[in-house]
Student: 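Input: one structure, supplied below.
Protein chains get the first letters and strands the later ones, always in sequence-line order, with residue 1 at the start of each.
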Amino acid sequence: MSQLSSGICRRLNEAPQEEIDQLASGHTVQLLSIKKVAPTSSSTTATDRFRIIISDGVHFVQAMLATQLNDLVANGDINKNTVVVIDKLACNFVQDKRLIIILDLHVVSRDEEKIGAPTAPPSTQDAPAPAVVEAASSSVASPAISSSTGQTKQPQPQPRTGPSGRGGRSVYPIEGLSPYQNNWTIKARVTQKSEIRTWSNQRGEGKLFNVTLMDESGEIRGTGFNAVVDELYEKFEEGKVYYISKARVNLAKKKFSNLQNDYELSLEKNTEVEECLETTSVPMMKYNFVELSSLEKLEKDNTCDVIGVVKEVGPLGEITSKATNRTIPKRDLTIVDMSQYSVRLTLWGKQAEQFAADDLSVVAFKGVKVGDFGGRTLSMVSSSIMSISPDIEEAHLLRGWYDGIGTEKNFQSHTSGSSGASFGGFNRNEMRHLSDVKESQLGMSDKAEFFSTRATIMHIKSESISYPACPTQGCNKKVVDLGSGWKCEKCDKTFERPEHRYIMSMAVADWSGQAWLQGFNEAGLAVFGKTADEVHEIKERNEAEYNALMAQASGVTFNFSCRAKQDTYNDQTRVRYGISRITSLDYREEAKHLVDLLKSPWAQ
DNA sequence: CCCCCCCC
């Protein structure tokens, strides 16, 4: 049986604020209960908070587990009756309550019985009872603590203990900040500082910037508006540590940040910021990594932290923003992790241009945004941080795994899904035979369904394979021949000549059956190797040559990604299969896939 | 008080 540090619970409950620091570590306690407190947002584990009742065998008190220790609960490392040594804690005085936060601990033993018959410590006039933090939205902490003895405690009046810590400052852990307290100072590292951004909408206009502030207990986002931008923007430097006080604590909007904090700071005109040169106790960066396999559980537009091996570095490209018409450099990376998933991650601007990691580097990303194009994608945003080969445990683990066995692995991509067209590589997991597509009635429900298939073109309806389209980039609407020119109703413009685009219907077959697929411009280009304009011109000029072209296209095999969807035409409802992607067979890839199949568990 | 972050 373990020896507990009897007396510590009572002391934690009674010690004045300035003495708590001396109680901060080395105590052996038993965890009587670990309970998740009401989460503030739906399903993410990132925001879970655990309330723990710790016992010294005589008394028990409540504490919160710092969120960076949540894994201990998730992994089952700590449990009811686990005996641990608290290596670090912080106590935080909130109005008439005190809030104990366990910052670090290690397990002494697990399979223990409950030790002793601990009771709630006697209440004292001088010491506030431990706070119960229910959730971000609770405006008043619950006065009750649950316990095996069924006792409850009433909140005690809060004695105003004087500020402690360096130079008369009361340094609070970020984790303990809440709107219900003033006179705090945090000591935090700026891990990220945004550009100054301006906005203009119905409610007005202005400018702002964000910083991410971090200490050993947690992190919080700070925002400064307008005049505060002028005041503080230059003062903050990424990587430096500051004492910050007199900022307002507001509820955070979770959708726009994955920081583990229910609150954020509004930096005000009178907010005090002073650089602190003693920085050793403040860690450099905090991550809350999610596995790539679990990205589908996150909603679009959430942000997350991921760490992966950069398996592919795409070429530098650029896109033209539809909203602003500006061109923006971009580069796609494909990253993979130990969950054996891969995902595309897009870099923008300078980061896209200057990306220069070695092949197969481990790269950590903080605060990247989740997209749902063809499944799941990730994108850097202004508040994201990319760190190449970071010196952190997760990076070393991943490095070792990848170099050891990861190289040989196949990675599942996030490109199936039912949310959009297929992207990138051909998705073999959605591979169906044509008979299977029909038998399983894909597309017979109300929503579109997606599948891939390898099939051979048997016949192309050759009477009409293209239409005259508007040449405006991205319009593609059919234009009307006015005799004097071609008019686009949508663009309200007349053009000297149209740009033909493919629209074709073709019969394809595999060993199991056949189907009619609808193909558009991309499909025509792949099948004929010519633009629709060129083929149109051939058709006008030389019927025999056109027919030869059609004949040539038959008998060729492609991989198709298709969208199956019901539609009704002339009172007849049927499923149509649209080609969303078509690729020529790459025999090397096909053979590799066959080898993978042979190696897969169900082939053994 | 922002929360846009672009394209397929």
Student: According to side-chain contact (heavy atoms from CB on, under 4.5 Å), who are the partners of A:Glu175, at least two apart in sequence or on a separate chain?
Tutor: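 With sequence neighbours excluded, A:Glu175 shows a side-chain contact (heavy atoms from CB on, under 4.5 Å) to A:Arg49, A:Thr67, A:Ile101, A:Ser217, given in chain and number order.
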Student: Choosing from B:dC8, B:dC1, B:dC6, which nucleotide comes nearest the side chain of A:Phe373?
Tutor: B:dC8
Student: Between A:Asn210 and A:Ser194, is there a donor-acceptor pair closer than 3.5 Å when you use the side chain of the first and the backbone of the second?
Tutor: no
Student: Given atom CD of A:Glu195 and atom C1' of B:dC2, what is their separation to the nearest angstrom?
Tutor: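 Atom CD in A:Glu195 sits about 15 Å away from atom C1' in B:dC2.
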Student: B:dC1 phosphate, OP1 or OP2: any side-chain N/O from A:Lys253 under 4.0 angstrom?
Tutor: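 Indeed, a polar side-chain atom of A:Lys253 lies that close.
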Student: Could you work out, with side-chain contact (heavy atoms from CB on, under 4.5 Å) as the rule, every residue matching A:Ala532, not counting sequence neighbours?
Tutor: A:Ser466, A:His500, A:Tyr502, A:Asn521
Student: Going by heavy atoms closer than 4.0 Å, what residues in residues 224-234 of chain A are next to DNA chain B?
Tutor: A:Phe225, A:Asn226
Student: So what does A:Ser384 touch, heavy atoms closer than 4.0 Å: a base, only the sugar-phosphate, or nothing?
Tutor: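 The answer is nothing, as A:Ser384 stays clear of every strand by at least 4.0 Å.
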Student: When you measure from the side chain of A:Lys369, which nucleotide among B:dC7, B:dC2, B:dC5 comes out closest?
Tutor: B:dC5
Student: Compare the minimum distances between each of B:dC8, B:dC3, B:dC6 and the side chain of A:Arg344, then state the nucleotide with the smallest one.
Tutor: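 Looking only at side-chain atoms, A:Arg344 lies closest to B:dC8.
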Student: Ignoring hydrogens and angles, does a donor from either the side chain of A:Arg326 or the base of B:dC5 sit under 3.5 Å from an acceptor on the other?
Tutor: no
Student: Can you check the A:Ile319 CD1 to B:dC6 P distance for me, whole Å?
Tutor: 8 Å
Student: If you look only at distance, which donor and acceptor atoms sit under 3.5 Å apart when one is on a side chain in residues 351-360 of chain A and the other is two or more places apart or in another chain?
Tutor:
none

Student: Measure the distance from CG on A:Leu347 to P on B:dC8 and round it to the nearest whole Å.
Tutor: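 The distance from CG of A:Leu347 to P of B:dC8 comes to 19 Å, rounded to the nearest Å.
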Student: Determine whether the side chains of A:Ser440 and A:Arg432 contain a donor N or O and an acceptor N or O closer than 3.5 Å.
Tutor: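 Distance-only check passes for A:Ser440 and A:Arg432.
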Student: Any donor-acceptor pair under 3.5 Å between the side chain of A:Lys330 and the base of B:dC7?
Tutor: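 Indeed, a donor on one side and an acceptor on the other fall under 3.5 Å apart.
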Student: OP1, OP2 of B:dC5 versus side-chain N and O of A:Trp348: anything below 4.0 Å?
Tutor: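 Answer no for this pair, as no side-chain N or O of A:Trp348 is under 4.0 Å from OP1 or OP2.
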Student: Would you mind reading off the distance between A:Glu299 atom CD and B:dC3 atom C1', rounded to a whole angstrom?
Tutor: 15 Å
Student: Using the side-chain heavy atoms of A:Val381, tell me which of these nucleotides is nearest: B:dC2, B:dC6, B:dC5.
Tutor: B:dC5
Student: What's the CG-P distance between A:Leu265 and B:dC3, to the nearest Å?
Tutor: 19 Å
Student: Describe the nucleic acid contact of A:Glu264 in one word from base, sugar-phosphate, nothing, applying a heavy-atom distance below 4.0 Å.
Tutor: base
Student: To the nearest Å, how far apart are A:Lys300 NZ and B:dC8 P?
Tutor: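 That distance rounds to 14 Å.
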Student: A:Asp567: which residues meet the side-chain contact (heavy atoms from CB on, under 4.5 Å) condition with it, sequence neighbours left out?
Tutor: A:Arg574, A:Arg576
Student: Distance check needed: B:dC8 P versus A:Arg376 CZ, whole Å only.
Tutor: 20 Å
Student: Run the side-chain contact (heavy atoms from CB on, under 4.5 Å) test against A:Ile392 and tell me which residues pass, sequence neighbours left out.
Tutor: A:Tyr287, A:Phe289, A:Ile307, A:Pro390, A:Glu394, A:Ala395
Student: Is any side-chain N or O of A:Lys322 closer than 4.0 Å to OP1 or OP2 of B:dC8?
Tutor: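 Checking B:dC8 against A:Lys322, a side-chain N or O does come within under 4.0 Å of OP1 or OP2.
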Student: Tell me if the NZ atom of A:Lys530 is crowded by more than 12 foreign heavy atoms within 6.0 Å.
Tutor: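 Count not over threshold, so no.
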Student: Below the 4.0 Å mark, does B:dC6 have OP1 or OP2 next to a side-chain nitrogen or oxygen of A:Ser379?
Tutor: yes
Student: CG of A:Leu208 versus C1' of B:dC2: gap in Å, rounded?
Tutor: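 Going from A:Leu208 (CG) to B:dC2 (C1'), I get 5 Å.
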Student: With heavy atoms under 4.0 Å as the rule, sort A:Arg331 into base, sugar-phosphate or nothing.
Tutor: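 Touches nothing.
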